[in-house]
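What's counted below: heavy atoms across the whole structure, side chains too, no hydrogens, waters or symmetry copies. Every number for a ligand or one of its atoms is a count from 1 in the order of the listing. Index from 1, following the sequence.
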Amino acid sequence: VRFPERLAADAALCEARLLAALSAKSDQPVTDAMRYAVRGGKRLRGFLVLEGARMLGVAEDRSVSAAAAIEALHAYSLVHDDLPCMDDDDLRRGQPTVHKRWDEATAVLAGDALQTLAFDLLCDPMLGSAEVRIALVSGLAKASGIDGMVLGQALDIAAETAGRELTLEEITALQAGKTGALIGFAAEAGAVIARADPAPLRRYAAALGLAFQIADDILDVTGDEAKTGKRVGKDAGAGKATFVSLLGLDGARARAAELVREAEAALDPYGAGAINLRAAARFVVERQS
Ligand code: IPE
Ligand code: IPE
Ligand code: MG
Ligand code: MG
Ligand code: MG
């Protein structure tokens, strides 16, 4: 199966697993907000888990809870990223953001509960032995927290008021945390579940994650709200430090293209089996949403 169909099929698997996990939960507005927040999106991180596992011989039903987990964690990060105290956005995945549709307290709590749901999903015995599940839990905790996504978000917010341009090195570190860490977890999870060496996937993810965030920054400048499903032109307005603010559009595009080549090369050890992961690297910079 080729990449676009694979991405769509894996997105459906993730969504079904997430909605199943939420189906037995209480009938609170927070639960509705959680269901709302996990709908839609490209599901790139879930795809990376499922495809990495598949490439290493692990069937979908054994890895899908990890794919759902990273998508729940990612959804939480978006709900909180959109809050008035962070990026103050009113549109996400083509719909009003959670705090607009409900209120801020509901958005904070839905994000909190999506985060804990992610770790609960990683305890699913289908994922493997207790050792494998502990490795997944620990890996996601590190990728999400103060050494990973939260650190990147904190640096991103701090840069708005830093009063100076960040250096390329600083922007790279910011983005490695903000987006790179969760993409890194997603790309390596299949190897953890398969008990295979994660090193090539780690190299792939380092290049892919950076290319992904550069593309996100480019889309904020050149993108179309109807396609991205979120407001555009906000980074410059907020004084965000991005690759575009530092390198310009052409420089950012060139750097992203270089990173795609790096990501593809990192997959050489897997030969033809990595065809869909290679396609994902190209998709990340060609996407319009
Ligand atoms: C957007 O992520 C936020 C960033 C981390 C840059 P995605 O572009 O993967 O968002 P969805 O999941 O497809 O909506
Ligand atoms: C968000 O980065 C990253 C996380 C949610 C961790 P952005 O703020 O650039 O994402 P968008 O552009 O709002 O999707
Ligand atoms: Mg942000
Ligand atoms: Mg944002
Ligand atoms: Mg952005």
Side-chain angles (χ1 to χ4, degrees), residues 7-8 10-12 14-15 18 36-49 67-99 107 111 114 118 143-144 148-161 171 174-187 205 208-245 252 256 280-281 283-289:
L7 184 62
D10 284 355
C14 284
E15 185 144 326
L18 284 164
Y36 180 88
V38 298
R39 288 209 174 88
K42 295 176 288 295
R43 307 271 187 223
L44 177 73
R45 296 159 192 76
F47 162 84
L48 289 171
V49 174
I70 185 66
E71 287 293 339
L73 199 301
H74 168 59
Y76 131 67
S77 81
L78 296 178
V79 171
H80 283 194
D81 180 74
D82 290 334
L83 284 168
C85 58
M86 301 280 288
D87 290 350
D88 192 13
D89 269 303
D90 60 1
L91 190 69
R92 173 65 66 183
R93 295 175 169 172
Q95 302 283 334
T97 46
V98 174
H99 67 272
L114 283 167
S144 310
M149 186 271 288
V150 167
L151 173 66
Q153 289 285 70
L155 293 171
D156 181 283
I157 297 293
E160 288 183 20
T161 52
I171 292 189
L174 182 166
Q175 302 199 315
K178 183 168 106 164
T179 329
L182 292 187
I183 289 183
F185 170 84
L208 181 81
L210 205 47
F212 178 89
Q213 183 61 47
I214 294 175
D216 185 80
D217 293 347
I218 292 173
L219 283 172
D220 188 74
V221 177
T222 67
D224 173 342
E225 260 170 29
K227 288 184 187 149
T228 62
K230 55 188 188 185
R231 298 284 175 224
V232 296
K234 294 216 50 193
D235 291 343
K240 294 270 189 203
T242 72
F243 272 93
V244 177
S245 70
F283 165 77
V284 152
V285 300
E286 287 163 8
R287 68 199 168 98
Q288 297 300 314
S289 73

Ala256 versus Ala211, closest heavy-atom pair with distance: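 So the minimum-distance heavy-atom pair works out to O-CB, 4.2 Å.
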Minimum heavy-atom distance between Pro96 and Tyr36, given as atom pair plus value: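 In terms of heavy atoms, the two residues are closest at O-OH, 2.6 Å.
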Rounded at 0.5 Å granularity, tell me how far CD in Gln153 sits from NE2 in His80.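 If I round to the nearest 0.5 Å, the distance is 11.0 Å.
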Which protein residues have a heavy atom closer than 4.0 Å to any atom of ligand 1, listed by chain and number?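 Within 4.0 Å of ligand 1, protein side: Gly41, Lys42, Arg45, His74, Leu78, Arg93, Thr179, Phe212, Gln213, Asp216, Lys230, Arg287.
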So, of the N/O/S atoms that Asp216 has, which is the nearest one to the Mg ion (ligand 5)?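 The Mg ion (ligand 5) is closest to the Asp216 atom OD2, counting only N, O or S.
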Using the ring of Phe212 (Phe, Tyr or Trp, six-membered ring only), decide whether Arg287 places NZ or CZ under 6.0 Å from its centre and within 45 degrees of its axis.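 Positive - Arg287 is close enough to the ring of Phe212 and near enough to its axis.
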Pair Glu71 + Arg43, salt bridge at N-O below 4.0 Å: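 Between Arg43 and Glu71 there is a salt bridge, with a charged N closer than 4.0 Å to a carboxylate O.
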Determine yes or no for a side-chain-to-main-chain donor-acceptor pair under 3.5 angstrom, with Lys230 supplying the side chain and Arg93 the backbone.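 Looks like no, no N/O pair under 3.5 Å.
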Any donor-acceptor pair under 3.5 Å linking the side chain of Thr97 with the backbone of Asp89?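 Checked: pair present.
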Side chain to side chain donor-acceptor pair (under 3.5 Å) pairs, two or more places apart, involving residues 219-229: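 Non-adjacent pairs meeting side chain to side chain donor-acceptor pair (under 3.5 Å): Glu225-Arg231.
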Listing by chain and number, which protein N, O or S atoms are under 2.8 Å from the Mg ion (ligand 3)?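 Result, waters dropped: Asp81 OD1, Asp87 OD2.
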Which residues satisfy the side chain to side chain donor-acceptor pair (under 3.5 Å) test with Asp156, sequence neighbours excluded?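 Asp156 satisfies side chain to side chain donor-acceptor pair (under 3.5 Å) with Lys178, Lys240 once adjacent residues are dropped.
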Report yes if some heavy atom in the side chain of Lys42 is under 4.5 Å from a heavy atom in the side chain of Phe283; otherwise report no.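 Answer yes - side chains close enough.
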